[in-house]
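A short write-up of the structure that comes next.
All ligand and atom numbering here is 1-based and tracks the order in the structure. Atom set for the values below is all heavy atoms of this structure, side chains included, hydrogens, waters and symmetry mates excluded.
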Amino acid sequence: MKECNCVFLIFGATGDLAHRKLLPAFYFMERENQLKDSLSIVCIARKEKTTEQYRKEASDSIRKFSRIKVDERLLEKLVSRIYYHRLEFSDKKGYAGLSRFIEKISGQKSGNCERIFCLAVPYSLISHVLGSLKNAGLAERQKKGKPYCRIMFEKPFGHDLKSAKELNSSIMNVLDEKQIYRIDHYMAKELVQNLLVLRFANSIFEPLWNRDYIDHIQITVAETLGVESRGEYYDKAGALRDVMQNHMMQLLSLVAMGAPKSIDADDVKNEKVKVLKSIAKSGFSGNMAIGQYGEGIVEGKKVAAYASEPEIRKNSGTETYAALKLGIASKMWKNVPFYLRTGKRLKDKSTEIIIVYKHTPFGLFSKASPEKNMMVIRVQPYEGITLQFNAKVPGNKVIIDNVEMDFCHECKFGPNSPEAYERLLYDVMAGDQTLFTRWDEVENAWKIVDVILKNIKKLKLHIYEAGTWGPKEADKLIAKDGRKWVEPKRPAYAEQLGK
Ligand code: BG6
């Protein structure tokens, strides 16, 4: 049978996501020979321009943003697959024109092509664009023996549970879950993908991953960036919607899930959803602190306060920092607190998951004050894992010191693991949904965050100095339980990497 032509359509093709992430990712895939010969990339936006103009802009962006050195011959090959099509997204009739355009470039009826719609548009437009694609005969439910039709889009998946449900039902009116690829780019980070292997392929860790051995777990997603040019979006979102509802809930559910029946996407997601439901069941104690960055010094440069960033509303009460404590109502995690914190304009960029183990059950060396053992999973930067344990300092007396054993991902596997979008574009074309978010994950994460959002209305927003680790109230939150945040630090192997 003749191979179907494949058309990848980027809506919002003049935007940041397309230029910084998608086009460079396509270049990587071209270099790795991962693109079908018959693939065309149709870039769609409102602006008037020709394919030639767009190809030139795309080449410039790829040269600028590609993480690998660009070979001009390969770039030319990629760019020859790219077409530009102007479309006013609200113009329902325009979509018939898009269908004719696809037929022209593919030489096939558009319904006979494999179609992937990548909607890099505000979430308020997603239902409308998809509905119009349906009316033009471009989007339809998967039928046996017919070429596939898939959509992919990024968070935010709604503003709260209600709007997320509305968005989802409008999508489900057109497509089935198997055709929907919701992107959470954290899932494509190598150390996040490694979590299941770490937990379930290692008999030295797996039996200890529960309430009997673990004292508590911390998850930190710290950024040095401020809101950049996204003030209008961010001011309506805040840290809880922007990062907690998606990236942090994904990390938390992967860390806390029970063993799945298999590594099939659905089996893994079933376990993750059980965790999210158990968090909701355990109820939110209201233990949290929120903050907003004031001015300060980040990475040696003076930065402005959130309140004076462009597009931020006067007297905005939006949180740029949130720290909270959650519990999980399950046998595995009874009485084990999970402390989560995320914020912008903090001291360092760092995403870490920290497993803090309990003390040994009998205090043979308690006089020498051994520290609790710890496993630090460095999602970024300095991808890797550090185990901290106690060792005897040489000498006659028993003096105990805390020592570290490191696994440096890049030292072992090299610097070139695929970046998030390189992996995600490959997977959507291969029809693999493992790294994408299923609807019930989104829904249950919103159920948790909706409750948290209700709580923050009652809380004081603390202004913290940019370039610090956030408001003091976050330290108090964990100190109440006799614990403290583990400060991200540069591992010993950073030097070896020249970072
Ligand atoms: C995005 C958020 O989802 O994740 C941004 O909208 C945040 O506000 C970004 O900066 C962080 O991603 P990463 O990969 O840089 O940790």
Requested in this report: Check ligand 1 against Lys344 and write out every atom of the ligand that is under 4.0 Å from a heavy-atom position of the residue.
Outcome: 5 (C), 7 (C), 8 (O), 10 (O)
Query - Tyr233, any N or O under 3.5 Å of ligand 1 N or O - result: no
**Report entry** For atom 15 (O) of ligand 1, the option (of Glu154, Lys349, Gln380, Lys189) bearing the nearest heavy atom
**Finding:** Lys349
Query raised in the report: Between the side chains of Gln218 and Arg341, does any donor sit under 3.5 Å from an acceptor?
Result: no
**Report entry** Non-neighbouring partners of Tyr493 that pass ring pair (Phe, Tyr, Trp, His ring centres under 6.0 Å), sequence neighbours left out
**Finding:** none
Query raised in the report: In a check of side-chain hydrogen bond (donor to acceptor under 3.5 Å, both in side chains) between His247 and each of Asp242, Asp184, Thr351, which one passes?
Result: Asp184
Query - Residues Lys372, Asp215: salt bridge by 4.0 Å N-O rule - result: yes
Report task. Go through ligand 1 atom by atom and flag the ones less than 4.0 Å from a non-hydrogen atom of Glu223. Result -> 7 (C), 10 (O), 11 (C)
**Report entry** ligand 1 atoms in contact with His247 (distance to a heavy atom under 4.0 Å)
**Finding:** 1 (C), 3 (O), 4 (O)
**Report entry** Phe338: ring pair (Phe, Tyr, Trp, His ring centres under 6.0 Å) partners, not counting sequence neighbours
**Finding:** Trp333
**Report entry** Pair Glu441-Gln250, side-chain donor/acceptor within less than 3.5 Å
**Finding:** yes
Query raised in the report: Counting heavy atoms only, which of Val227, Val221, Asp242 is nearest atom 2 (C) of ligand 1?
Result: Asp242
**Report entry** Heavy atom of the protein closest to atom 16 (O) of ligand 1 (residue, atom name, distance)
**Finding:** Tyr186 OH, 2.5 Å
Requested in this report: Please work out whether any backbone atom (N, CA, C, O) or any side-chain heavy atom from C-beta onward of Tyr234 is under 4.0 Å from ligand 1, and answer side chain, backbone, both or neither.
Outcome: neither
Query raised in the report: Does the N or O separation between Arg230 and ligand 1 drop below 3.5 Å for any pair?
Result: yes
**Report entry** Axial cation check for Tyr382 ring with Arg378, 6.0 Å and 45° limits
**Finding:** no
Report summary line: Check: of Glu419, Glu228, His185, min heavy-atom distance to atom 12 (O) of ligand 1 comes from His185
